[in-house]
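Note that these values count all heavy atoms, side chains included, but never hydrogens, waters or copies made by symmetry. The sequence lines fix the lettering, A, B, ..., with proteins before strands; numbering per chain opens at 1.
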2 protein chains.
Amino acid sequence: MSSIREVARLAGVSVATVSRTLKKPDVVSPKTRERVLAAVDKADYHPNRTAIQFRAQKTQSLVVLVPTIANTFYARVISGIQQAAQRFGYAVLLCHTQGDEQVEARYAALVSARQADGVIQLRAHDPFPATATSQRWPMVNACEVLDDPPCPSIRLDNRTAAREMTEHLIALGHRHIAMIKGPRRSPLTRDRADGYRDALARAGITHNPSWIQPGDFTPQSGYAGARALIERTDRPTALFCESDEMAIGALHYLKHAGLRVPHDISLAGFDDIEFARYCDPPLTTISQPAEAFGEAAVEMLIATIDGQEIDTSHRTMPHRLLIRASTGPVG
Amino acid sequence: MSSIREVARLAGVSVATVSRTLKKPDVVSPKTRERVLAAVDKADYHPNRTAIQFRAQKTQSLVVLVPTIANTFYARVISGIQQAAQRFGYAVLLCHTQGDEQVEARYAALVSARQADGVIQLRAHDPFPATATSQRWPMVNACEVLDDPPCPSIRLDNRTAAREMTEHLIALGHRHIAMIKGPRRSPLTRDRADGYRDALARAGITHNPSWIQPGDFTPQSGYAGARALIERTDRPTALFCESDEMAIGALHYLKHAGLRVPHDISLAGFDDIEFARYCDPPLTTISQPAEAFGEAAVEMLIATIDGQEIDTSHRTMPHRLLIRASTGPVG
DNA sequence: TTGTAAGCGTTATCAG
DNA sequence: CTGATAACGCTTACAA
C-alpha cells in the first residue's frame, strides 16, 4: 500500500526521481537507481494503476459486450480477444449482456465514463445513445454486425456461406430443404436465410416459406424447430440450422422421432463448435475463424483508439464448408 | 469529454455544488439543482470514473482468473459471476490464463496495483507471490480449490460425488470400472479418484490402478483415454470420466470402436454441461450448480473487500447424481 | 445552501 | 542528473 512518496523517503530522493527510475532508468545515475530500486523492494511498492490511468487519461482496457458467454462460439471469440488484448497490454472488461439493450448501454457507458478506452460489440446493435450531442467513442462491431455500422466491423460473408451449404445439400439431390433460423431481427440471420433462398432460386427450386422455422441459437429451439418440421405431412429431406447448437438440439429430436441421420434426413449446422465433430453423426457445418474474429476486433479497436488510419475498416473473415457425416444423398 | 468544471461554469456554480447535485440531490436547492442538471445535459457530462476511483481508492471491479473459457462449465461459472457482480455494481475483469502461473501472477497483480479490488481464482493455485513482505489481497478460491486455501473458498464435495457415481455403477452390477482422470496435480482430480476408490473398497472390489487413465478435461483426452482402455484385453464394463467433455470424447471413441453404450459399456461424466443431455445416449453425470458457484464467489469476495466477517469462510456447494441413459446394467 | 481548498498518486515541465 | 511543483477530475471537510 505504500506510495511513491514512501519509496522516495526511503531512498532519500524526490518522488520525481523514483518515477524516472521506474520509467526511464537510463536517465538517472546508477547510484541513485540502485538506491531507489532497493527502496522499491523494501516498501513492496506497486505503482497505483488507477492513479496512472487517471493521470494519463487512458485506461488500457477494453469493454467487450457479449450476448451469451455460454455459447461456445462466443467463448472462442472471447478467447481470441483476450489473447490479442494481452499482447497489446490491454485488460478486458467482459460484459455479459444477454442481448439486453439497457445492459449494453450501461456497459458501453464505461467508455464515456472513461473507465475503458473502447468497446467491442458482438451483437448487431449500437450500444451508444443516438443523441446528436454525444460524440462517438472508439468501437468495433464483430460477429453479429449492423448493416451499416458507425464503426469498423468484422463479419462473415453469411449469405455466401449459407448459399454454399444449401448448394451442398442440393448437390446431394435434396429438393425439400428446411431451415431453422436465428432471431428475426438479426441481419446475420437474414443474410443466412437470403443465401439459402439464393441457392434454391439458382437451382430452380420453389421456396416454401413454411419450411423456415424461427429459433434463437439454443439447442432447445433447435429441438422445437425440428419437431415442428417433422410433424408436418410434407416432411423435408434436409434440415439446415443456422447454428451448431440448434443442430445438436434438432439431432436429438430427429433421433427421438426415430429418424436416421443422414439416411432419412440430412442435417447441417453453422459455426463448427467443438462438439460438432463429436456428434453422432459428426455435423456438416460452416467453420468460422472465431479466435481470429476476436483478434481482428482488438487490433482494429486499438488502431481506432490510437487514432491511426485503418485501410480496411470493414473486414470479412473467411469461412469454410466442412462436410462431415450428417449430410448425405437423398434417400 | 467535459469535466465537472465545465458543468460548473455553465451552471454558474462551484464544482462542489455540481458534485453534490449528482450525489445527494436533496442537499441542494431545487433551483440550483435544476440549473446544474440542465448544464449536465448541455455539456453531455459523464463523471470520469477513473477520477472517482482514484479519489475513492476503490475501483469497484474484480479480477477473475479462469483457466479456459472454452469449457462450458467455466462459461456458466463466469456467467454467475457476471450476474452477481452486476448486482453489486462491480465490473468484471476477465482473465484467461490457460492455467499458466506467470499469466495468473500478472493478472493478480492488477489487485496489488489497485486496478481491481479483489480476485476470484478458479484454479488450485495461489496467484500471489509468497514473499513474506507482501500483504494478502482480497481473494476467493472457487471450483478447483487449494487444499488449504489462504482465503475463503467454494468447492464441491468431489470425493463424495465421485463415490456416489461409482456406487451407482456398482449397483448396476459393474465390477470392472475404469476412470479417466483430470490433470495429475489437481486436488479436485485427486479427490474424485479417492471417491472412486472409496466406493470400490466399500464394495470389496479390488482396485486396478492401470484402469485409471490420465486426461486433461478435453474431449480429445477422453477419446485417447477410452481408446487406451478399450484396446486392452481386460476391457472394463464401465467408464467414469471426471468431466463431461472427456466423456463426450470417450463416447465418440466407443462408438467408433463399435461398442454400444450402455449395452456393451456404461459411461458416466461429471459437470452436467448443457450438451450432456444432448448426447446419444444422454449422459449420466454429476450436476454442479455452476452459476451458484460464481455468485457465491462474488458474494464472499465482496464481503472480504468490505471487511465484513464471513461466518462460513469455506462453503461446499451441493451436487446431484443425474442418472440418464448412458449407464445401465452390466451386459 | 453554497463556495473554497486540500488531497488522492503519478508524471511532465521547468529550474537548478 | 535531480528536485520542486502543477496538473489530471473528483469529493469532502470546513468555512461562510
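When rounded to the nearest whole Å, the span between CZ of A:R35 and C1' of D:dC1 equals 12 Å. Regarding A:Q57, its CD atom lies at a distance of 18 Å from the P atom of C:dG9, rounded to whole Å. Atom CZ in B:R20 sits about 10 Å away from atom C1' in D:dT11, given to the nearest Å. B:D26 has its CG atom 12 Å from the C1' atom of C:dT1, to the nearest Å. Atom C1' of nucleotide D:dT11 and atom CD1 of B:I4 are separated by 8 Å, given to the nearest angstrom. C:dT2 atom P lies 14 Å from atom NZ of B:K24, rounded to whole Å. Counting to the nearest Å, the P atom of D:dT12 and the CG atom of B:L22 are 13 Å from each other. D:dG9 atom P lies 17 Å from atom NZ of B:K23, rounded to whole Å.
The side chain of B:R5 lies closest to D:dG9, out of C:dT11, C:dT2, D:dG9. If you check D:dG9, D:dC1, C:dT10 against the side chain of A:T32, the one that comes closest is D:dC1. Nearest nucleotide to the side chain of B:S14, out of D:dG3, C:dT4, C:dC8: C:dT4. The listed nucleotides are C:dA5, D:dG9, D:dG3; the one nearest the side chain of A:A16 is D:dG3. Relative to the side chain of B:A51, the nucleotides C:dA5, D:dG9, C:dG3 differ in distance, and D:dG9 lies closest. In the set C:dT11, D:dG9, C:dT2, the nucleotide with an atom closest to the side chain of A:F54 is D:dG9.
The two residues A:T304 and A:M300 come nearest to each other via the heavy atoms OG1-O, 2.8 Å. Minimum interatomic distance between B:P318 and B:L156 (heavy atoms only, all atoms of both residues): O-CD1, 4.0 Å.
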(request) Please step through salt bridge (charged side-chain N to carboxylate O under 4.0 Å, His left out) for the pair B:E144 and B:R123, ending with a clear verdict. (result) CA-CA 5 Å; B:E144 279 210 59; B:R123 212 173 65 91; over 6 Å; no
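Between the side chain of A:R55 and the base of D:dG9 there is no donor-acceptor pair of N/O atoms closer than 3.5 Å. Below the 3.5 angstrom threshold, one finds no donor paired with an acceptor across the side chain of A:R49 and the base of C:dG9.
B:S29 has a side-chain polar atom (N or O) that falls below the 4.0 Å cut-off from OP1 or OP2 of C:dT2. Of the side-chain N and O atoms in B:Q53, none sit less than 4.0 angstrom from OP1 or OP2 of C:dC8. Contact annotation: A:T17 side-chain N/O to D:dT2 OP1/OP2 distance is not under 4.0 Å.
Counting heavy atoms from C-beta on, the side chains of A:I305 and A:Y90 come closer than 4.5 Å.
Proximity of a side-chain donor or acceptor of A:R114 to a complementary backbone N or O of A:S112 within less than 3.5 Å is detected.
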